[in-house]
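Taking it in order: structure first as structure tokens, then the write-up.
Since the structure is predicted, the reported quantities are computational estimates derived from the model, not experimental observations. Computed over heavy atoms, backbone and side chain alike; hydrogens, waters and symmetry mates excluded. Here is how names work: the chains are called A, B, and so on, in the same order as the sequence lines, proteins then strands, and each is numbered from 1.
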Number of protein chains: 2
Amino acid sequence: MKQPASTPSTENQPLRLPARGRNRPQAVAETIKDWIIENGLAPGDRLPQEHQLIAHLGVSKGTVREALRVLETQGLIRTRTGPGGGAFITELGADHASALLANHFFFKEISIAHIYELRIALEPQLVFDLAPHITEEQIDELRRRMSVYTAPPASIEEERQQRVAELEFHEALAGFSDNPLLGFTCGFLVRLLKDLTVCKRIYGQPNPELRERGLSYQEQLISALRAGDADEARAIMQAHMRAAQRIMLAQEAQVTKAFLTIGDR
Amino acid sequence: MKQPASTPSTENQPLRLPARGRNRPQAVAETIKDWIIENGLAPGDRLPQEHQLIAHLGVSKGTVREALRVLETQGLIRTRTGPGGGAFITELGADHASALLANHFFFKEISIAHIYELRIALEPQLVFDLAPHITEEQIDELRRRMSVYTAPPASIEEERQQRVAELEFHEALAGFSDNPLLGFTCGFLVRLLKDLTVCKRIYGQPNPELRERGLSYQEQLISALRAGDADEARAIMQAHMRAAQRIMLAQEAQVTKAFLTIGDR
DNA sequence: AGATATTTGTTCGTATGTATT
DNA sequence: TAATACATACGAACAAATATC
């Protein structure tokens with residue numbers, strides 16, 4: 001088992017070759033990833049244990065651990081200690097994925113206008129698709145979220161909470177989408193706005209207009225969704241987005257570099 | 001001389017408290033990240049060296065290395081060996097970000113229809129914004145990419161290359177966008193399609209119709225862009241996307257689980 | 001071109017923490 | 001409570017890469 005390390009030549013290729021050339025941990029992570037794909041592992045399945053990976057891959061404990069950390073950062077696995085523990089395949093959740101993606105925009109200059117340009121293009125389409133499929137339970141959830149801001153806010157803090165709740169209304173809507181790409185993108189945009197809200201870099205002063213118009217729009221939207229009227233839902237959302245954009249832009253400041261902390265489990 | 005410890009204000013507060021409690025590497029990664037934000041480090045700046053991090057954070061070498069690996073996976077740093085080496089802040093490129101994001105869709109069922117629903121909603125808007133700003137150099141680059149597929153393909157392999165080149169036409173277009181969110185999203189969608197093309201899971205047989213119509217549309221598009229006619233450019237792209245969608249859907253198969261390997265530097 | 005110093009990269013032995021039985 | 005199985009963490013030694021002289 002012990003190797004006298006005096007074999008400097010290319011070693012004894014233990015099963016799958018560890019793909020030398022780059023940094024080992026990344027290469028090992030890739031190898032494990034390929035192995036996951038080939039064996040068709042699904043979320044919940046367990047990877048081989050550390051010492052087995054060490055043996056099969058022909059690398060040391062530290063390298064394997066770094067590789068697992070890479071996969072964990074990518075959201076592919078989670079590890080648990082104790083008997084029966086180990087690394088388990090997991091699904092990369094939308095929030096974690098958003099956090100990873102947000103890093104890409106960290107050094108870019110993102111404005112409210114940029115975000116709303118996409119929301120205007122996508123959210124009307126989102127509700128258009130949703131109208132024929134939406135369930136009663138989903139509508140109930142939307143109503144439940146709306147209930148947070150039916151009454152005017154009493155304090156500046158409550159104002160902020162209501163804004164967050166309204167954004168979460170849209171986040172829930174995005175989560176209902178049948179199109180994972182559309183749903184994720186809309187959710188990501190909302191999360192960007194929500195993060196800005198939490199950071200209090202915007203929504204400085206009360207804005208009753210935004211709240212009331214939003215509430216009215218959402219009532220109409222839910223009616224249209226319940227009726228299964230896709231065209232009407234799209235039209236309402238379009239008007240809602242345009243109105244919100246106008247209000248937001250009026251009090252916008254250039255917003256940058258607040259994104260790195262998004263999510264950050 | 002090693003450190004300019006003479007600066008009394010910011011630099012003398014080396015690192016924050018080690019944030020014990022959770023798994024150490026992640027906690028350490030967070031601490032380093034916070035430190036990066038607080039000190040306003042920009043791409044190209046260097047992090048403290050390994051042994052300094054070890055000393056300041058009070059953790060072992062292995063833990064620091066895992067933390068750095070986390071940050072590297074997130075696309076935040078790159079490391080180099082040798083004198084003057086170390087960990088350097090870097091910008092998360094669109095391709096790397098796409099690869100990270102693609103993991104989120106690995107266990108979801110993504111179809112061509114899903115991709116085109118977003119392309120139809122976004123790419124017309126993309127060229128609409130672009131028309132007033134586009135430069136001659138950018139138009140030249142578009143023309144250069146088009147030149148790859150002006151002639152009909154001689155082989156099935158050339159057919160594939162032409163398809164990739166046409167997708168890269170759209171990728172270039174996305175890269176010109178003033179809106180980073182819009183640009184990235186359009187680029188990501190194209191990368192998904194490109195990956196499918198490379199994997200040869202689609203585009204099995206020649207499709208002269210797609211090529212010729214695409215070529216014609218792109219000629220028109222470039223004319224409109226040069227003229228700065230935003231409305232016309234948008235209309236052309238809309239028609240182009242709809243036509244492409246029709247053709248693609250005709251020969252589509254359900255496409256799943258080919259995304260994990262995207263990019264994979 | 002080659003020697004050397006600097007810095008990250010890799011390995012191994014050992015010890016600790018944690019969850020299951 | 002104890003025993004077991006697993007990940008987690010530490011530290012020292014060694015290897016590889018690379019800039020500078």
Side-chain angles (χ1 to χ4, degrees), chain A residues 1-14 17-32 44-73 76-90, chain B residues 1-3 17-32 44-73 76-90 265:
Chain A
M1 189 170 237
K2 293 283 190 288
Q3 276 178 210
S6 57
T7 54
S9 62
T10 44
E11 86 295 12
N12 50 341
Q13 188 134 354
L17 72 162
R20 289 171 180 271
R22 296 176 291 181
N23 287 340
R24 292 259 219 148
Q26 279 95 338
V28 171
E30 290 297 316
T31 305
I32 295 175
D45 293 345
R46 215 192 70 172
L47 260 62
Q49 297 171 334
E50 248 185 35
H51 67 270
Q52 291 176 11
L53 290 173
I54 292 169
H56 287 139
L57 296 167
V59 295
S60 78
K61 195 173 28 183
T63 303
V64 166
R65 282 184 58 75
E66 287 185 36
L68 291 177
R69 200 65 70 195
V70 167
L71 295 176
E72 192 175 23
T73 303
L76 257 152
I77 64 170
R78 236 181 58 231
T79 58
R80 286 204 303 267
T81 62
F88 294 82
I89 308 286
T90 181
Chain B
M1 295 321 277
K2 301 187 111 174
Q3 38 191 8
L17 71 160
R20 295 171 181 265
R22 291 182 294 178
N23 289 339
R24 294 257 238 201
Q26 279 93 341
V28 170
E30 289 299 314
T31 304
I32 295 174
D45 292 346
R46 214 193 69 173
L47 260 61
Q49 295 176 334
E50 251 185 32
H51 68 270
Q52 291 175 5
L53 291 173
I54 292 169
H56 289 140
L57 295 166
V59 296
S60 75
K61 180 182 171 99
T63 304
V64 165
R65 283 186 57 75
E66 288 185 36
L68 291 177
R69 201 63 71 195
V70 166
L71 296 177
E72 191 176 26
T73 303
L76 221 78
I77 64 169
R78 242 180 51 234
T79 59
R80 287 204 303 267
T81 62
F88 294 83
I89 308 286
T90 181
R265 44 164 183 200

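Taking the side chain as every heavy atom from C-beta outward, Leu68(B) and Leu47(B) approach each other to under 4.5 Å. Proximity of Val28(B) to Val70(B): side-chain heavy atoms (C-beta onward) are nowhere separated by under 4.5 Å.
The nearest whole Å value for the distance from the CG atom in Leu68(A) to the P atom in dA7(D) is 9 Å. With rounding to whole Å, Gln52(B) atom CD is found 14 Å from dT6(C) atom P. When the C1' atom of dT8(C) is taken as reference, atom CG of Leu71(B) falls 16 Å away, rounded to whole Å. If you take CD1 of Ile54(B) and P of dG9(C), they are 12 Å apart, rounded to a whole angstrom. Here the C1' atom of nucleotide dT10(C) and the CG atom of Leu57(A) are 15 Å apart, to the nearest Å. When the C1' atom of dA7(D) is taken as reference, atom NE2 of His51(A) falls 12 Å away, rounded to whole Å. When the P atom of dC6(D) is taken as reference, atom CZ of Arg78(A) falls 18 Å away, rounded to whole Å. Per the geometry, CD belonging to Gln26(A) stands 16 Å off P belonging to dT8(C), to the nearest Å.
Checking the phosphate oxygens (OP1, OP2) of dT8(D), a side-chain nitrogen or oxygen of Thr79(A) falls inside 4.0 Å. Contact annotation: Arg65(A) does not reach the phosphate of dA7(D) (side-chain N/O to OP1 or OP2, under 4.0 Å).
Note on Gly62(B): nothing from the nucleic acid sits closer than 4.0 angstrom, heavy atoms only. Counting non-hydrogen atoms under 4.0 angstrom, Glu50(A) reaches a base of the nucleic acid.
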Next on the checklist: Protein within reach of the bases, or only the backbone? For nucleotides 14-21 of chain C, mark each nucleotide 5' to 3' as B, S or -, using heavy atoms under 4.0 Å.
Outcome noted: B--BBBS-

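A salt bridge (Lys or Arg N to Asp or Glu O under 4.0 Å) check over residues 78-88 of chain B, counting only residues at least two apart or in different chains, returns nothing. Every pair passing salt bridge (Lys or Arg N to Asp or Glu O under 4.0 Å) that includes a residue from residues 45-59 of chain A is listed here, sequence neighbours excluded: Glu50(A)-Arg65(A).
Checking dT10(C), dA7(D), dT8(D) against every side-chain atom of Arg69(A), the shortest atom distance belongs to dT8(D).
Listed by chain and residue number, nothing satisfies the side chain to side chain donor-acceptor pair (under 3.5 Å) test with Lys61(A) (two or more places apart in sequence, or in another chain). Taking Ser60(B) as the reference, Thr63(B) meet the side chain to side chain donor-acceptor pair (under 3.5 Å) condition, with sequence neighbours excluded. Contacts of Pro83(A) classified as side-chain contact (heavy atoms from CB on, under 4.5 Å), with partners at least two apart in sequence or in another chain: none.
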